[in-house]
Student: 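Starting off with a structure, shown below.
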Amino acid sequence: MKILVTGGCGFIGSNFIRLLLDSRDYEITNLDALTYAGNLESLSDLEDHPNYRFVKGRIEDRDLVAELMRQVDSVVNFAAESHVDRSIQDASSFITTNVMGTQVLLDAFRRAGCKGVFVHVSTDEVYGSLAPDEPAFKETDSLYPNSPYSASKASSDLLCRAAWKTFGLPVVITRCSNNYGPYQFPEKLIPLMIINGLEGRKLPVYGDGQNIRDWIFVLDHCRGCLAALEKGRKGAIYNFGGRCEKTNMEVIRSILEILGLSEEMIEFVKDRPGHDRRYAMDTSLAMRELDWRPEVSFERGIEDTVKWYVDNRYWWERIISGQYRNYYRVQYGKDLGVKP
Ligand code: NAD
Ligand code: TDX
């Protein structure tokens with residue numbers, strides 16, 4: 001099988017490519033724009049793998065996508081603008097990439113007559129926010145996105161559904177809860193808190209710190225995406241989650257404890273506007289149809305993750321200094337052509 005993985009230089013995409021190259025004999029093309037969130041260094045050890053190639057480009061580039069689509073069977077679409085706070089500052093790139101880019105991929109997949117599957121990777125945030133006593137989200141729930149980010153992801157899900165209904169495109173949509181693990185960009189809660197702790201900086205907690213997220217180790221999510229690619233029912237939506245609801249304060253306390261640091265490092269800051277209170281996922285459909293379940297406990301996953309950031313200072317120090325942006329020029333002899 002030949003697979004186009006989009007956004008493969010991001011957090012989840014790079015872990016997914018690693019999993020594929022370790023466990024399958026598929027040929028992978030990684031199409032990534034190398035925005036600020038894309039880091040070629042996350043896959044530097046796999047650059048020369050015979051089943052892997054990197055193409056720098058945007059998913060909304062029709063000509064490039066059409067050409068690549070003629071060379072593959074299936075698509076796994078991770079490419080997105082993914083940070084809620086940035087979408088509150090400026091939503092425009094979220095519309096371009098998440099909405100328009102997804103439609104370009106769908107159109108090109110159809111026109112090229114790809115024989116495989118189009119897996120669209122989405123998020124629990126499309127369902128909105130839960131009250132403390134409400135049941136976990138099901139795939140049949142209505143969409144109530146609350147941030148520009150989640151609204152753009154919900155829009156892309158609906159475009160995928162429309163492609164399935166109108167053209168019979170073999171689309172599978174996955175919706176996952178909050179991921180954590182190696183190679184996550186240090187703007188997201190867990191890597192930010194680990195790195196601030198290691199650097200002796202304050203840990204900024206939004207609002208009262210009682211917002212609840214369902215945390216899943218990234219490899220469990222990647223296994224789910226692979227199951228969706230290989231076994232997913234066409235037209236289906238599958239929820240993935242870690243069955244691990246925790247308040248932000250609980251997560252931060254676990255990190256401080258592993259690092260042997262005091263809670264005095266915590267600083268309560270202004271809340272995120274429109275901050276979703278709680279997410280929780282009902283994953284029974286994926287468990288039944290894909291024979292999937294999360295395998296890594298939070299206790300093990302967070303230990304491993306903290307250890308990874310301690311052991312891989314080089315990786316995140318180059319992000320903080322901006323040095324990671326030079327890697328493309330060093331490897332490919334060309335400028336990135338985009339501002340960080
Ligand atoms: P990320 O921000 O770490 O990575 C996104 C990648 O997409 C980067 O490599 C970036 O360069 C690339 N990209 C951005 N715009 C592009 C464009 N126009 N064309 C080509 N490439 C582009 O994101 P992530 O956390 O790895 O998330 C991956 C996907 O999973 C996203 O679709 C996100 O919505 C979804 N998701 C993430 C989480 C999570 O907890 N991180 C949970 C559920 C779903
Ligand atoms: O500095 C912070 N302080 C803080 O209290 C940051 C960055 C976050 N938070 C809070 C906000 C959230 O309640 O922590 C929680 C997690 O925040 P993020 O890491 O920004 O994730 P979230 O907004 O929950 O969205 C994530 O999960 C779903 C991903 O970024 C999305 O891409 C994914 O779709």
Side-chain angles (χ1 to χ4, degrees), residues 1-32 38-55 68 71-80 109 114-122 170-184 215-234 236 238-244 283 285-298 300-305 307-308 311-312 315:
M1 182 150 56
K2 295 181 176 151
I3 305 174
L4 179 64
V5 176
T6 69
C9 295
F11 164 47
I12 306 172
S14 60
N15 278 285
F16 181 73
I17 288 176
R18 212 167 269 289
L19 172 68
L20 278 192
L21 293 176
D22 276 352
S23 63
R24 297 291 188 278
D25 198 22
Y26 301 155
E27 284 178 36
I28 299 163
T29 301
N30 171 13
L31 172 63
D32 196 296
N39 190 346
L40 262 184
E41 293 184 343
S42 301
L43 291 167
S44 57
D45 54 322
L46 297 171
E47 251 153 37
D48 298 326
H49 194 292
N51 281 350
Y52 172 74
R53 82 170 155 149
F54 169 69
V55 176
L68 295 177
Q71 302 165 21
V72 299
D73 307 303
S74 292
V75 174
V76 186
N77 181 28
F78 291 100
F109 186 93
C114 293
K115 296 282 180 279
V117 182
F118 189 109
V119 178
H120 178 65
V121 181
S122 190
V171 172
V172 179
I173 297 173
T174 66
R175 294 185 180 143
C176 190
S177 62
N178 283 59
N179 286 221
Y180 67 99
Y183 300 107
Q184 187 166 30
W215 292 97
I216 182 171
F217 191 66
V218 63
L219 196 56
D220 278 332
H221 180 200
C222 291
R223 288 192 199 101
C225 294
L226 183 53
L229 174 71
E230 294 181 334
K231 296 188 257 185
R233 179 168 42 83
K234 313 299 180 286
Y238 295 104
N239 282 352
F240 298 129
R243 289 188 292 180
C244 172
T283 60
L285 184 68
M287 290 164 79
R288 209 167 52 242
E289 289 195 4
L290 302 177
D291 194 24
W292 171 91
R293 50 200 34 72
E295 290 170 21
V296 181
S297 69
F298 184 76
R300 203 188 102 201
I302 196 72
E303 280 256 9
D304 289 357
T305 303
K307 184 171 184 320
W308 190 87
D311 292 346
N312 289 275
W315 182 85

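Side chains are part of it too, since the values below use all heavy atoms of this structure and drop only hydrogens, waters and symmetry mates. This chain uses plain numbering: 1 for the first residue, then up along the sequence. All values reported here derive from a predicted model rather than from experimental measurement.
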Student: So with a 6.0 Å cut-off around NZ of Lys115, is the heavy-atom count from everything else above 12?
Tutor: no

Student: With the side chain counted from C-beta on, respond yes when Trp315 and Asn39 share a heavy-atom pair under 4.5 Å apart, and no when they do not.
Tutor: yes

Student: Does any non-hydrogen side-chain atom of Asn51 lie less than 4.5 Å from one of Leu21?
Tutor: yes

Student: At what distance, to the nearest 0.5 angstrom, does CE of Met1 lie from CD1 of Ile28?
Tutor: 10.0 Å

Student: Can you sort out the partners of Arg233 under side-chain contact (heavy atoms from CB on, under 4.5 Å), two or more places apart, ordered by chain and number?
Tutor: Ala236, Tyr238, Leu285, Glu289

Student: Whether the side chain of Arg18 engages the backbone of Ser42 through a donor-acceptor N/O pair (distance < 3.5 Å, no angle test) should be reported.
Tutor: yes

Student: Measure across Pro182 and Val218 and return the closest heavy-atom pair with its distance rounded to 0.1 Å.
Tutor: CD-CG1, 4.2 Å

Student: Looking only at heavy atoms, which two atoms of Ala286 and Asn239 are closest? And how far apart?
Tutor: CB-O, 3.5 Å

Student: Can a donor-acceptor pair be found, under 3.5 Å and without considering hydrogens, that links the side chain of Lys231 to the backbone of Leu290?
Tutor: yes

Student: Supply the atom-to-atom distance Glu47 CD to Glu41 CD, rounded to the nearest 0.5 angstrom.
Tutor: 9.5 Å

Student: Flag the pair Asp22 and Arg24 as a salt bridge only when some basic side-chain nitrogen lies within less than 4.0 angstrom of an acidic carboxylate oxygen.
Tutor: no

Student: Can you name the nearest heavy-atom pair linking Cys9 to Leu40, along with the distance?
Tutor: SG-CD2, 3.9 Å

Student: Start with the C-alpha gap between Val296 and Leu219, add the side-chain angles, then the distance that decides, and say whether side chain to side chain contact (heavy atoms under 4.5 Å, CB included) holds.
Tutor: CA-CA 8 Å; Val296 181; Leu219 196 56; 5.5 Å; no

Student: Using 4.0 Å as the upper bound for N to carboxylate O, is an ion pair formed by Arg300 and Asp304?
Tutor: yes

Student: Are any non-hydrogen side-chain atoms of Thr29 and Lys2 less than 4.5 angstrom apart?
Tutor: no

Student: Within this structure, what is the CD1-SG distance for the pair Ile3 and Cys114, rounded to the nearest 0.5 Å?
Tutor: 12.0 Å

Student: What closest approach, in Å, do Gly8 and Leu43 show between heavy atoms, and which atom pair accounts for it?
Tutor: O-CD1, 3.3 Å

Student: Considering only heavy atoms from C-beta outward, does the side chain of Cys222 approach that of Ile12 to under 4.5 Å?
Tutor: yes

Student: Would you find a donor on one side and an acceptor on the other, under 3.5 Å apart, between the side chain of Asp220 and the backbone of Gly242?
Tutor: no

Student: With heavy-atom distances below 4.5 Å as the criterion, would you say the side chains of Val121 and Cys176 are in contact?
Tutor: no

Student: So, for Phe109 and Asp73, which heavy atoms are closest and what is the spacing to 0.1 Å?
Tutor: CE1-O, 3.8 Å

Student: Rounded to the nearest 0.5 Å, how far does CZ of Arg53 lie from CG of Leu31?
Tutor: 9.5 Å

Student: For the residue pair Thr283 and Trp292, establish whether any side-chain heavy-atom pair is separated by less than 4.5 Å.
Tutor: yes

Student: Is the shortest heavy-atom distance from the side chain of Leu226 to the side chain of Ser23 under 4.5 Å?
Tutor: yes

Student: Supply the atom-to-atom distance Tyr183 OH to Asn312 CG, rounded to the nearest 0.5 angstrom.
Tutor: 6.5 Å

Student: Between Phe78 and Phe11, is there a side-chain heavy-atom distance shorter than 4.5 Å?
Tutor: no

Student: Are the side chain of Thr6 and the backbone N or O of Ala79 linked by a donor-acceptor pair below 3.5 Å?
Tutor: yes

Student: Roughly how far apart are Arg243 CZ and Phe298 CZ, rounded to 0.5 Å?
Tutor: 16.0 Å

Student: Which atom pair, heavy atoms only, marks the closest approach of Gly241 to Pro294?
Tutor: O-CG, 3.5 Å

Student: Report yes or no: does Asn30 contribute a side-chain atom to a donor-acceptor pair with the main-chain N or O of Tyr52 at less than 3.5 Å?
Tutor: no

Student: Below 30° counts as parallel, above 60° as perpendicular, anything between as tilted: where do the rings of Phe240 and His221 land?
Tutor: tilted

